[in-house]
Amino acid sequence: NAGVTQTPKFRILKIGQSMTLQCTQDMNHNYMYWYRQDPGMGLKLIYYSVGAGITDKGEVPNGYNVSRSTTEDFPLRLELAAPSQTSVYFCASTDTGYGNTIYFGEGSWLTVV
Amino acid sequence: GDSVTQMEGPVTLSEEAFLTINCTYTATGYPSLFWYVQYPGEGLQLLLKATKADDKGSNKGFEATYRKETTSFHLEKGSVQVSDSAVYFCALSDASGTYKYIFGTGTRLKVLA
């Protein structure tokens, strides 16, 4: 009963480093999302995907890249990390259809120093 | 564009008090509406949802009614417990087929014994 799995859970990066946050779901969902949550704030959509091979930008895509080569996986790449990218990152997925629940991973805490 | 506005927190209540967290939305068409809860250090999980006007979502003693005339989806619970302390997010899923989920900024609830 895994659902949406994110790794790593915690990471400290130095300014200018790059890394990939991994996300995989085992529910065969078509739609996947990456959000960031800054302290005391709501969720902001970074990128989303409506199926393998199809991705699109959300509200705050700058500094990030994504790919979707399979239905299950939706990694988020941070290039040239900056302190402004210090945040909690959530991957989520949902199935096609009106009113479906969106399921979240447990989050990845990223600090850029 | 679509948006969700929810009351600012934190909300501090004594155990067994009545809870209301206000949520209003702006959307075209007929969105689905959700309440999610986030416990410390965890991801968001669905609390309840409603997919059409006048529907009432309920779970774990929490209720919310989809009011199209007032574009609201207020969360209520008759008697809160310490274990209800968490951050609550109101969200909508638009009906236009883009499958984007818009979240409010979250309301932190603290229940005192």
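First the proteins, then the strands, lettered A, B, ... as listed; each starts at 1.
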Pair count under 4.5 Å, heavy atoms only, with chain B: among A/Ile102, A/Val88, A/Leu43, highest is A/Ile102
Under the criterion ring pair (Phe, Tyr, Trp, His ring centres under 6.0 Å), which of B/Phe103, B/Tyr101, B/Phe34 is the partner of A/Phe104?
B/Phe103
What part of B/Leu46 lies closer than 4.5 angstrom to a heavy atom of chain A: side chain, backbone, both or neither?
side chain
Determine which residues belonging to residues 60-78 of chain B lie within contact range of chain A, meaning some heavy atom pair is under 4.5 Å apart, and list them by number or answer 'none'.
none
Any chance you could lay out the salt bridge (Lys or Arg N to Asp or Glu O under 4.0 Å) test for B/Asp54 and B/Lys52, step after step, and finish with the verdict?
CA-CA 6 Å; B/Asp54 300 324; B/Lys52 61 182 187 294; over 6 Å; no
Measure distances from A/Gln6 to the heavy atoms of chain B and classify the residue's part below 4.5 Å as side chain, backbone, both or neither.
neither
With chain A, which of B/Gly41, B/Gly9, B/Gly106, B/Gly104 has the greatest number of heavy-atom pairs at distances under 4.5 Å?
B/Gly41
Got a second to check how far B/Leu19's CG is from B/Asp84's CG, nearest 0.5 Å?
8.0 Å
Testing A/Thr5, A/Thr70, A/Asp73 one by one against A/Thr24 for a side chain to side chain donor-acceptor pair (under 3.5 Å), which residue passes?
A/Asp73
When rounded to the nearest 0.5 angstrom, what is the spacing between CD in B/Glu15 and OG in B/Ser83?
8.0 Å
How long is the straight-line distance from OH of A/Tyr31 back to CD1 of A/Ile54, given to the nearest 0.5 Å?
8.5 Å
For A/Asp56, which atoms come within 4.5 Å of any heavy atom of chain B: side chain, backbone, both, or neither?
neither
Sort out for me which of A/Gly107, A/Gly42, A/Gly105 touches chain B most, counting heavy-atom pairs under 4.5 Å.
A/Gly42
Give, as side chain, backbone, both or neither, the part of B/Gln38 having an atom under 4.5 angstrom from any heavy atom of chain A.
side chain
Do B/Ser32 and B/Lys49 have side-chain N/O donor and acceptor atoms under 3.5 Å apart?
no
Return the CG to OG1 distance between A/Leu13 and A/Thr111, rounded to the nearest 0.5 Å.
9.0 Å
Non-hydrogen atoms of chain B under 4.5 Å away: do they reach the side chain of A/Lys9, the backbone, both or neither?
side chain
Just verifying a value: how many Å separate A/Gln85 CD and A/Leu78 CG, rounded to the nearest 0.5 Å?
4.5 Å
Supply the atom-to-atom distance B/Tyr88 OH to B/Tyr36 OH, rounded to the nearest 0.5 angstrom.
15.0 Å
